[in-house]
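Just so it is clear: chains get the letters A, B, ... in the order the sequence lines come, proteins before strands, and each one is counted from 1.
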Protein chains: 2
Amino acid sequence: MTAPTDRPTLDQVAERAGVGRGTVSRVINGSPQVSAHTRQAVEAAVAELGYVPNLAARALVTRRTDAVALVISESEERVFSEPFFAGVVRGISAGVSAAGRQLVLALAAGEERPLERYLTPQHIDGVLLVSLHGDDPLPELLRTRGLPVVLGGRPPSGYGGAYVDVDNIGGARAGVAHLIDNGRKRIATISGPRDMGAGQDRLAGYRAALTAAGLADDPALVVEGDFSEVSGLQAMRSLLACHPDLDAVFAANDLMAIGALRALRDAGRRVPEDVAVVGFDDSPLSRVTDPPLSTVRQPVEEMGREMAEMLLRLISGVDGDTHQSAVLPTELVVRASS
Amino acid sequence: MTAPTDRPTLDQVAERAGVGRGTVSRVINGSPQVSAHTRQAVEAAVAELGYVPNLAARALVTRRTDAVALVISESEERVFSEPFFAGVVRGISAGVSAAGRQLVLALAAGEERPLERYLTPQHIDGVLLVSLHGDDPLPELLRTRGLPVVLGGRPPSGYGGAYVDVDNIGGARAGVAHLIDNGRKRIATISGPRDMGAGQDRLAGYRAALTAAGLADDPALVVEGDFSEVSGLQAMRSLLACHPDLDAVFAANDLMAIGALRALRDAGRRVPEDVAVVGFDDSPLSRVTDPPLSTVRQPVEEMGREMAEMLLRLISGVDGDTHQSAVLPTELVVRASS
DNA sequence: TTGAAAGCGCTAACAC
DNA sequence: GTGTTAGCGCTTTCAA
């Protein structure tokens with residue numbers, strides 16, 4: 001048990017190794033400009049003393065902190081009620097720590113002011129932003145500060161920065177196509193918020209599938225939800241009221257699909273005999289519903305990892321392209337509900 | 001759009017305000033040793049220049065970083081499959097940022113070595129540890145380094161540090177008592193891992209309720225699971241095989257309760273007519289099962305918040321008591337399954 | 001009450 | 001190749 005406070009410094013290592021401070025610094029930072037012999041002496045001293053570099057001192061002079069921030073700008077409830085975030089965070093965490101950097105977590109529920117003060121190049125090397133709504137000015141603000149930024153999810157058109165997304169369009173198309181293949185003709189959708197890329201794209205995929213199959217794209221069969229379970233329940237109710245003849249519904253996420261399931265049960269409709277249901281997200285919830293929910297799986301963890309890696313690339317500047325993007329594939333999971 | 005890199009420094013503020021550097025520092029740090037007049041001048045200059053203190057420089061001299069680490073030492077899968085963590089993280093995040101500090105997130109899946117290098121007083125002011133298993137030496141190690149530590153969940157006996165827990169014993173007791181009140185006589189339990197406080201305590205609560213009601217505490221009715229759904233399924237199967245006469249089961253968490261529900265359905269047992277089920281956690285999953293799961297709600301978010309506040313108290317040293325603890329109440333939620 | 005000065009531990013530019 | 005030096009931006013004595 002060493003004394004808590006007095007950890008060895010660079011000069012102590014230097015003295016011990018019988019070299020100058022600069023040389024130790026070179027060894028620590030892996031500079032090739034050091035003879036093998038000296039390097040060994042230094043490494044020995046480092047090991048003996050249990051030396052660990054003081055990050056604050058290093059950050060002060062290099063103006064880099066080796067820390068990246070993850071900003072989740074989402075309402076309190078949704079951040080964790082949707083397993084989506086959990087997976088993304090896990091992937092990001094893995095990617096960031098694999099690069100030997102630290103992840104600073106910022107849940108920005110509304111009041112972003114204190115946060116903005118912190119999101120500057122002197123505190124952080126880059127920012128990961130997840131679940132952006134509408135035309136949030138934050139990413140652009142950060143970019144004008146010279147901070148590398150990577151978004152999770154497709155940003156509103158017009159944004160010129162980097163992002164990683166999953167194939168929402170393709171996933172939705174596959175889900176609806178599956179319904180069509182099973183002979184469904186009147187397929188409604190409970191869409192996501194129009195101010196989010198995921199909402200827009202899943203709706204687009206729904207339309208694309210209908211069009212591809214030569215089915216009419218009836219606007220009356222589209223009801224907008226907000227990704228919450230109650231919104232799904234209400235949407236399904238109104239759908240059932242106006243269009244009792246529908247035989248399938250594609251919900252833009254699992255939570256809303258579950259709400260729809262409830263509404264269908266309340267209305268005495270059988271699933272999938274009367275009405276087939278497909279959701280989106282492949283959340284754990286989808287396995288425990290009755291019947292289990294068919295849904296579209298998105299590789300959330302990979303998404304997080306890719307975000308981290310893209311950001312680190314931007315930070316190290318290995319490729320100057322600050323508006324690169326990646327879209328990860330999604331996959332339909334068929335269960336008893338469709 | 002200011003130039004990205006050259007943010008104002010303390011001296012620039014000092015010059016602008018026509019005072020010395022030290023004075024600006026005092027104002028920034030809220031020292032009372034400054035005349036109202038000077039303070040105003042400085043504050044004006046700060047506002048005009050948009051000055052933000054350089055944390056690295058400050059940390060270098062104060063030897064504090066204003067950052068606390070959250071270490072979740074849990075297997076990849078569980079961290080986020082259980083909503084428990086989500087809630088705790090949210091509470092912690094709120095508590096930490098309310099104090100103007102940053103939260104550094106570290107998911108320690110097994111390989112803790114790189115992490116340990118980082119968890120030192122020169123990088124972090126304190127550590128929050130969640131989901132400790134067995135007798136992990138990490139908390140003691142950190143404490144010998146002089147780092148304030150707060151644990152989430154009761155530590156193994158013998159640990160002398162601070163922690164926050166929920167009333168697992170009371171919650172389990174209430175769940176089982178409810179079963180007894182409804183006339184159940186042969187109540188089995190699927191317990192959690194024996195190497196975790198939560199597992200031990202929920203089992204203790206189960207036993208306490210039986211004893212209090214004068215029922216026999218039959219060891220054969222206790223099967224250990226690992227908090228996963230499949231373990232619950234298997235446990236229920238073996239329970240059913242050996243004790244077909246059981247009329248209720250208390251599962252130490254919702255995931256295992258869901259597994260049990262499945263096994264019961266597979267075995268043709270009706271819930272709750274034949275066998276009543278109670279879980280623990282009040283996860284969102286518990287609402288969508290068929291039938292909806294009765295379960296014990298734990299205030300996870302409050303737990304996180306309390307952890308953060310306790311740690312900040314330890315850091316600021318307002319009370320020297322480093323082995324304080326808090327236990328938050330739990331609450332039974334009765335649904336159709338019991 | 002306030003200014004000046006001395007570092008905190010490190011990197012990088014510059015000599016040798 | 002390696003030692004020396006000059007700061008990075010800040011807090012904190014120490015005088016005044």
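Taking the screw axis at each terminus of the helix from dT1(C)-dA16(D) to dC16(C)-dG1(D) from five consecutive base pairs, the angle between the two is 40° to within rounding of 10 degrees.
A 4.0 Å heavy-atom criterion places the boundary nucleotides of DNA chain C facing chain A at dG9(C) to dA13(C), written 5' to 3'.
Between L55(B) atom CG and dC10(D) atom P the separation is 10 Å, expressed in whole Å. Here dG9(D) presents its C1' atom at 7 Å from OH of Y51(B), a figure rounded to the nearest Å. In this structure, the NE2 atom of H123(A) is 12 Å from the P atom of dG9(D), given to the nearest Å. Rounded to an integer number of Å, the gap from D66(B) CG to dC10(D) C1' is 13 Å. Distance CZ (R7(B)) to P (dC8(D)): 17 Å, rounded to an integer number of Å. When the C1' atom of dT4(D) is taken as reference, atom CG of D11(A) falls 12 Å away, rounded to whole Å. If you measure from atom CG of N54(A) to atom P of dC10(D), you get 16 Å, rounded to the nearest angstrom. Protein atom CZ of R21(B) is 14 Å distant from nucleotide atom P of dT12(D), rounded to whole Å.
Applying side-chain contact (heavy atoms from CB on, under 4.5 Å) to V149(A) and the options L142(A), V71(A), L128(A), L141(A) leaves one that passes, L142(A).
No side-chain donor-acceptor contact under 3.5 Å links T65(B) to the backbone of A59(B). A donor-acceptor contact shorter than 3.5 Å links the side chain of R145(A) to the backbone of L119(A). Here the side chain of S316(B) pairs a donor or acceptor atom with the backbone of L312(B) at under 3.5 angstrom. Looking at D125(A), its side chain never comes within 3.5 Å of a backbone N or O of V68(A) through a donor-acceptor pair.
In summary, the side chains of T9(B) and D11(B) do present a donor paired with an acceptor at a separation below 3.5 Å, with no hydrogens or angles considered.
For the pair D66(A)/L55(A), no side-chain contact is recorded, criterion being any heavy-atom separation below 4.5 Å from C-beta on. The shortest distance between side-chain heavy atoms of P299(B) and V166(B) falls below 4.5 Å.
By the neighbour-count criterion of 12 heavy atoms within 6.0 Å, atom CD of Q12(A) is densely surrounded, having more than that number from other residues, nucleotides or ligands.
Residues V19(B) and A57(B) each lie close to DNA chain C; by heavy-atom proximity, the contact nearer the 5' end of the strand is made by V19(B).
Between R305(A) and E309(A), at least one side-chain N (NZ, or NE/NH1/NH2) sits under 4.0 Å from a carboxylate O, which counts as a salt bridge.
If you check residues 22-37 of chain B against DNA chain C, the residues with a heavy atom closer than 4.0 Å are T23(B), R26(B), Q33(B), V34(B), S35(B), listed by number.
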